[in-house]
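See structure below.
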Amino acid sequence: MSDFNKIAEKMVSRRKVLKSGVTFGLSSFISTSFVNSGSSMNEGADYVKFKEISSSTSDTITLAEGFNWNLLVSWGDPLWSTEKEFDAVTRGDQSSQRNSFGDNNDGMVLFSKDGKNILVVNNEYTNLNIMFGNNSSGKPETVDDIYKGMVAHGVSIVEIKKGINKWKIVEDSVLNRRIFPDTLINITGPAKGHDLLKTKDDPKGLSTLGTWNNCGSGRTPWGTYLTCEENFNFYFSSSNKNINISPEMKRYGIRVNDRGYNWAKVDERFDISKNPNEVNRAGYIVEIDPFDPHSNPKKLTALGRFKHENAELVMAKNGHIVVYMGDDERGEYLYRYVSNGKYNNDGDASDLLQKGKLYVARFYENNTGEWLELSPETTGMSSLAEICVYTRQAASLVGATTMDRPEWVAASPVSNEVCCCLTNNRNRGRKPNAGGDNTSINGPNPRQNNQYGQIVRWIPQEGDHTRKEFKWDLFVLAGNPIVHSGLKAGSKNINEKNIFNSPDGLCFDSNGYLWIQTDGKYTNTGDFQGMGNNQMLLGNPNTGEIKRFMVGPKECEVTGITWSKDKKTIFVGIQHPGEKGNSNFPGGKNSLPRSSVITIQKNDGSVIG
């Protein structure tokens, strides 16, 4: 019997009908339906019907028939009319970048209020070889270079409007704004004022400067944006090369050298030998009010400190706010936050993301799981503040389940199911995580040296997102049936027509269908033969069907998705095209590759999802 069939037989034998009516009993290891899990999906006219497309290696956007795309905004496009158009020769300077759209756009949300449409977009990082490709070294060489790279990070807030044929930026809107790594940000939650967050420049630990490496996103019912700090460690370094880096810093990836950004050369905050506590002030979710350009963003320490991918906020039946979060690191964890208070449309929501309980997930082999509370009592740590700063250590102490890089989490608006992309993990079954925790094969992470990834799915007990118990299965196990059999071929809903690897971005549309975006290998050879460029697919949670809808240009990641209020436009992010020098998107032949946001519409102008 093959490894695949052994695991399938084991899991199928354990599946039972849930009290809520949810069924896990499907063959071939992967369940393709949570039957009667809450509300039925809308299978009606609004469902996105299209003929799936083939993989592609073209340097452009490839779309299903009946749809079209347009470019909305690219790195370096000015947000104010006082700024000149992007200069592909110089790639701009610090001043022009401060007034322009940031680089490597990732998660985003479109807000509509009082007739205005405000698009808030994360700018995760920069590709040094592209931004500084006009330098002989391909790296920042001057102080202005370093600052230019710095302010290309953060968040871009832009008003947009729909013209006759396409959407465009509203230059000079009073709501246009950039959030930078040097923007004043208030600290909130349990760690506010704690000794671990106090620095020479902020001896009270009440505020900090900036947010950077902003990956996924989220939105709240009260109209604010959540931006998530991920690989914040890449920017810290030490002028003392003999420094003894603490175990706490090592767990978060802090090293003597940074990734070539050189921020410590212009700002001592990023020199760990001079400001060791500064690293404790990064790695949080940040809340931004998109309609108040004068407001200070808030770092939400109550939601924990780790490499945040996105923040999926759900309002439970009883009114409590629940936030699901993944820590995008090999062998790290999946988290949940539950607010102490309840949301009231007419009430003050300011403390709902500042006072609550933090949990981490444990998955069992019998397709059940539970959320383990992270408290001084359960972890043995001294305080909730310490837990909110050293969240990874807290999760290790309670024995949570190590996961294959938890990326985006998405909750269905029409049922109670929640999904999370486990993008890949070359260390699974081979070496422990950075905290020394065991990463042997386990239920939701069933493959050693996992190069393809999977999507885990769970439903809370009795459909209540505040309950500690849940049932889980795998919606899909990505793989390649062209070159493999068994587990590496993937689950039964993977075939030669829809193969992909490294699911990353994830979002349910208003009808309950699941949009999957990838950030994986695009060699189109060997184990990845037939997969082509990174892509976006549509999944049907009821049937398990997955169809390829869009393919991005060369060497890009497809990430970030949001809809217009009328659901007739999808906004999608194209990040780092040509990261290895082999793309000219979006300008075409001989042009500089630039991360961009595109819009997708139906040719007949009807609703999409």
Side-chain angles (χ1 to χ4, degrees), residues 26 28 30-34 41-58 60-69 408 410 412 414-415 417 419 421 423 452-455 457 474-482 489-520 522 524 528-552 556-561 563 567 569-572 574 598 600-604 606-609:
L26 286 178
S28 300
I30 306 300
S31 173
T32 55
S33 180
F34 280 125
M41 291 169 55
N42 183 355
E43 299 268 13
D46 288 345
Y47 173 52
V48 184
K49 292 180 170 61
F50 61 91
K51 181 180 179 181
E52 63 185 346
I53 63 172
S54 301
S55 63
S56 173
T57 58
S58 299
T60 187
I61 303 295
T62 305
L63 270 177
E65 184 178 355
F67 297 81
N68 63 83
W69 70 276
W408 288 63
S412 172
V414 300
S415 71
E417 62 190 278
C419 293
C421 287
T423 191
Y452 294 125
Q454 64 267 13
I455 297 177
R457 173 171 59 173
L474 293 179
F475 173 66
V476 63
L477 195 68
N480 194 335
I482 295 176
S491 48
K492 72 174 187 178
N493 49 349
I494 291 297
N495 55 64
E496 294 182 7
K497 294 183 179 181
N498 68 1
I499 53 175
F500 64 92
N501 74 90
S502 301
D504 186 329
L506 198 66
C507 185
F508 281 97
D509 64 25
S510 59
N511 293 307
Y513 292 88
L514 189 62
W515 295 83
I516 304 165
Q517 300 173 316
T518 71
D519 177 25
Y522 40 72
N524 205 40
F528 306 97
Q529 179 183 336
M531 293 185 177
N533 299 341
N534 279 304
Q535 56 192 279
M536 184 164 74
L537 310 99
L538 182 63
N540 184 330
N542 275 0
T543 66
E545 179 185 21
I546 297 173
K547 299 193 298 182
R548 186 182 293 112
F549 173 76
M550 186 204 88
V551 181
C556 82
E557 169 187 353
V558 180
T559 182
I561 183 170
W563 277 261
K567 308 299 182 185
T569 304
I570 306 179
F571 298 81
V572 175
I574 304 299
I598 65 168
I600 298 175
Q601 297 174 307
K602 284 187 177 179
N603 292 345
D604 63 9
S606 59
V607 168
I608 311 177

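Throughout, numbering of the chain's residues begins at 1 and tracks the sequence.
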Using 0.5 Å steps for rounding, measure from the CG atom of Asn540 to the CD atom of Glu545. 6.5 Å

At their closest point, which heavy atom of Gly520 faces which heavy atom of Asn501, and how far apart are they? CA-OD1, 3.2 Å

Does the Thr423 side chain pair with the main chain of Pro503, one donor and one acceptor, at a distance under 3.5 Å? yes

For Ser412 and Gly512, which heavy atoms make the closest approach, and how far apart are they? OG-CA, 4.2 Å

Contacts of type side chain to side chain contact (heavy atoms under 4.5 Å, CB included), residue Ala64, not counting sequence neighbours: Phe50, Ile53, Phe67, Phe549

Distance col, row Lys497:NZ vs Lys547:NZ, nearest 0.5 angstrom, shows 11.5 Å

Side chain to side chain contact (heavy atoms under 4.5 Å, CB included) between Ile61 and Ile600: does it pass, once the steps are laid out? CA-CA 10 Å; Ile61 303 295; Ile600 298 175; 5.6 Å; no

Steps toward side chain to side chain contact (heavy atoms under 4.5 Å, CB included) verdict (Ile516, Leu538): CA-CA 6 Å; Ile516 304 165; Leu538 182 63; over 6 Å; no

For Gly609 and Ser510 the tightest heavy-atom approach is O-OG, 2.8 Å

Answer whether the closest heavy-atom distance between the side chains of Gln517 and Asp504 falls below 4.5 Å. no

Can you see which heavy atom on Ile499 is nearest to which on Gln529, and at what distance? CD1-O, 3.5 Å

Just jot down the side chain to side chain donor-acceptor pair (under 3.5 Å) partners of Thr518, sequence neighbours excluded, or say none. Asn534

Hey, are the side chains of Phe475 and Ile546 touching, using non-hydrogen atoms and a 4.5 Å cut-off? yes

Examine distances only and state if a side-chain atom of Ser55 and a backbone atom of Gly530 form a donor-acceptor pair shorter than 3.5 Å. yes

Between the main-chain N or O of Gly544 and the side-chain N or O of Asn493, is there a donor-acceptor pair closer than 3.5 Å? yes

Run the ring-ring contact (aromatic ring centres under 6.0 Å, His included) test against Phe500 and tell me which residues pass, sequence neighbours left out. none

Could you walk me through whether Thr559 and Trp408 pass the side chain to side chain contact (heavy atoms under 4.5 Å, CB included) check? CA-CA 10 Å; Thr559 182; Trp408 288 63; 4.2 Å; yes

Looking only at atom types and distance, does a side-chain atom of Asn533 sit under 3.5 Å from a main-chain N or O of Cys556, one as donor and one as acceptor? no

Is Tyr522 close to Val551 at the side-chain level, that is, under 4.5 Å between some pair of heavy atoms? no

Validation row: Pro481, Ile494 side chains within 4.5 angstrom (heavy atoms): yes

Do you know which two heavy atoms are closest between Pro541 and Arg457, and how far apart they sit? O-NH1, 3.3 Å

Under the side chain to side chain contact (heavy atoms under 4.5 Å, CB included) test, which residues partner Cys507, sequence neighbours left out? Ile561, Trp563

Listed by chain and number, what are the side chain to side chain donor-acceptor pair (under 3.5 Å) partners of Asn524, not counting sequence neighbours? none

Taken to the nearest 0.5 Å, the spacing of Trp69 CH2 from Thr62 OG1 works out to 10.0 Å

Close side-chain approach of Ser491 to Leu474, heavy-atom, < 4.5 Å: no

If we only count heavy atoms from C-beta on, is the Ile570 to Met550 side-chain gap below 4.5 Å? no

Tell me every residue that passes side chain to side chain contact (heavy atoms under 4.5 Å, CB included) with Asp604, counting only those two or more places apart in sequence or in another chain. Lys602, Ser606

Value rounded to 0.5 Å, distance of CG in Asn542 from OG in Ser415: 8.0 Å

With sequence neighbours left out, the residues meeting side chain to side chain donor-acceptor pair (under 3.5 Å) with Gln535 are Arg548

Partners meeting side chain to side chain donor-acceptor pair (under 3.5 Å) with Trp515 (sequence neighbours left out): Asp509

